Amino acid sequence: MKRKYFGTDGVRGKVGEYPITPDFALRLGYAAGKIMVAESPLLKGERPTVLIGKDPRISGYLLEAALEAGFSAAGADVRLVGPLPTPGIAYLTRALRLQAGVMVSASHNPFEDNGIKFFSSVGMKLPDKMELAIEAELDKPMGCVASRQLGRVRRIDDARGRYIEFCKSTFPGDCHLRGLKLAIDCAHGAAYHVAPDVFHELGAEVVTIGCQPNGFNINDQVGATCPQTIARFAREQGVNLGLALDGDGDRLVMTDAEGNIYDGDQLLYVMARHRLEQGLPVAGVVGTEMSNLALEHALAALGIPFTRTAVGDRYVLEKLLECGWLIGGENSGHLLCLDKHSTGDGIIAALQVLAALREQAVAPEELLGALRLYPQVLINVELQKDFPWRTHPGILAAVREVEQRLAGRGRVLLRASGTEPKLRVMVEGEDAELVRQEAELLAEVAREAMCSASGNYSPGH
């Protein structure tokens, strides 16, 4: 059954526009609380408890308060932690044996947007069955339990410290970061008062950027979605490495001293190869449709199976669990190490890369640049509503012709955006000029096909 409100990463949108409104957040909290009360394995008379965290954007106060009221009205207790990275909420939900965790964040989006995502009691995204049950409850009138049954609200004062210690515990106990100078960009987001302390307490000298949130500057020309900022800052500060997180702390991009940027595919390769060198089994690695073909080829050379799934860390996690594998991720920087954490975590991913750097005793650029990515060109084409691009004969024929010319030295991917009316046309391969030409050709074929279908086509359009 298709979800009505939940996307691949919770409910997200522009604040003040449905469903990111205070009345919807109130009803969402109530609906989720009702489902939790009904399905909680607690003893009779005990109330389920939900943890609520947020990133620093200004609308977090509004949505946090509405969710809190909704859960209380349903008879669920609430624990508040204030600004904390999304993976911190997943960790504390599990560590405190709570029934659910909620993160108020729009991740890498600008401050005008916000979102609400849920975690189960084991610190993973809610299963489809639970999300569908919450949506069904949303369609019913909202009520309120009797006064004696109302949920209580309490703040957890040491949440930040607990999460810092958890992150540090994923770094080898006989290893340290002394002698390293790190630049850290927290995107003026949820990790601003966590990430610098983690790396400093492990011995690194730390300089920061993007660590002064004011409610409005989250992801604004900083963070993992604007890696040029950390690259420039790393060069200016003369550091060994730069680390950039996104607004809710679950993405990671890195840079070396020269400002060369390394994405999620390259970092994932470092982690996989390091595990092999440690003598640890690597049963397989999960990527997405957007993972660079060079990653697939490089893992094959190491004898590591690789499989792709749809774009979204939710789907990477589902495939890892299905296969029984431990590591996977997206080129955007969502990286999962299921033997370290139940969800993607930018800080923990950085610690795994730094552990490889320390234990292999190589220069950062040598380690991070071990995987040379193939050129990749992505062109967005305006997508008309209900246009059958998947089955259009002209587009299919053009794709086949491009694949023939790539001759096994590249690949083609067409996919509809999940957030805007655009068709993503991507071509990648070993030959940069060929890739550019073929991507432009496919994009033009798609444009002409849609113009022709709407009656607006003219030669040369």
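Index from 1, following the sequence. These numbers were taken from a predicted model, which means no experiment stands behind them.
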Side chains of [X] and [Y] in contact at under 4.5 Å (non-hydrogen atoms):
X	Y	answer
Leu98	Val50	no
Leu434	Arg409	yes
Val381	Lys422	no
Ile134	Tyr5	no
Val316	Thr288	yes
Ile184	Cys186	yes
Met124	Leu321	yes
Pro213	Ile218	no

Under the side chain to side chain donor-acceptor pair (under 3.5 Å) test, which residues partner [X], sequence neighbours left out?
X	answer
Arg273	none
Glu131	Arg3, Arg314
Glu277	Gln360
Lys340	none

| message | Would Lys117 pass as a cation-pi partner of Phe6, given that its NZ or CZ must be under 6.0 Å from the six-membered ring centre and within 45 degrees of the axis? | response | no
| Step by step, would you call Asp345 with Leu335 a side chain to side chain contact (heavy atoms under 4.5 Å, CB included)? | CA-CA 7 Å; Asp345 189 314; Leu335 301 171; over 6 Å; no
| query | Going through the distances and angles, do Thr49 and Met36 end up as a side chain to side chain contact (heavy atoms under 4.5 Å, CB included)? | reply | CA-CA 9 Å; Thr49 305; Met36 287 168 49; over 6 Å; no
| note | Sequence neighbours excluded, the answer for ring-ring contact (aromatic ring centres under 6.0 Å, His included) partners of Phe111 is Phe216
Without placing hydrogens or testing angles, list every side-chain donor-acceptor pair under 3.5 Å for residues 78-95, not counting sequence neighbours.
from, atom 1, to, atom 2, distance (Å)
Thr86, OG1, Asp248, OD2, 2.6
Thr93, OG1, Ile89, O, 2.7
Arg94, NH1, Ser342, OG, 3.2

| said: Holding to salt bridge (charged side-chain N to carboxylate O under 4.0 Å, His left out), I want the full list of residues that pass it with Asp256, two or more places apart in sequence or in another chain. | reply: none
Just how far is it from atom [atom1] of [X] to atom [atom2] of [Y], taken to the nearest 0.5 Å?
X	Y	atom1	atom2	value
Glu438	Asp431	CD	CG	9.5 Å
Leu182	Leu243	CG	CG	5.5 Å
Ile347	Cys167	CD1	SG	4.5 Å

| Atom NZ of Lys34: over 12 foreign heavy atoms under 6.0 Å | no
| message | Counting neighbours of NZ on Lys4 that are heavy atoms of other residues, nucleotides or ligands and sit closer than 6.0 Å, is the number greater than 12? | response | no
| side chain to side chain donor-acceptor pair (under 3.5 Å): which pairs involve residues 387-403, sequence neighbours left out? | none
Is a donor from one side chain sitting under 3.5 angstrom from an acceptor on the other, for [X] and [Y]?
X	Y	answer
His108	Arg251	yes
Gln228	Gln221	no
His274	Glu359	yes

Of the non-hydrogen atoms in [X] and [Y], which two are nearest, and what is the gap between them?
X	Y	answer
Leu413	Glu289	CD2-O, 3.4 Å
Val222	His188	CG2-CD2, 3.7 Å
Glu68	Ile52	N-CD1, 4.0 Å
Ser107	Arg57	O-NH2, 3.3 Å
Ala446	Leu423	CB-CD2, 4.1 Å
Pro196	Cys211	CG-SG, 4.1 Å

Expected output: side-chain [X] to main-chain [Y] donor-acceptor under 3.5 Å:
X	Y	value
Gln266	Asp263	yes
Ser105	Asp55	no
Gln352	Ile348	yes

| task | Before giving the answer on side chain to side chain contact (heavy atoms under 4.5 Å, CB included), spell out for Ser291 and Asn331 the whole-Å C-alpha distance, their side-chain angles and the decisive distance to 0.1 Å. | result | CA-CA 6 Å; Ser291 297; Asn331 59 355; 5.6 Å; no
[X]: what forms a side chain to side chain contact (heavy atoms under 4.5 Å, CB included) with it, not counting sequence neighbours?
X	result
Val15	Ile20, Ser59, Asn114
Asp339	Arg275, Leu326, Cys337
Ala25	Leu63, Ala66, Leu67, Ile116

| field | Parallel, tilted or perpendicular: rings of Phe24 and Tyr18 (30°, 60°) | value | perpendicular
| request: Test Asp185 against Leu245 for side chain to side chain contact (heavy atoms under 4.5 Å, CB included), laying out the working first. | output: CA-CA 6 Å; Asp185 180 352; Leu245 306 173; over 6 Å; no
Distance-only donor-acceptor hits, side chain of residues 364-379, under 3.5 Å, sequence neighbours excluded:
from, atom 1, to, atom 2, distance (Å)
Arg372, NE, Gly369, O, 3.4
Tyr374, OH, His297, ND1, 2.9
Gln376, NE2, Glu428, OE1, 2.8

| message | Whether Glu382 and Arg447 form a salt bridge (side-chain N of Lys/Arg under 4.0 Å from carboxylate O of Asp/Glu) is what I want to check. | response | no
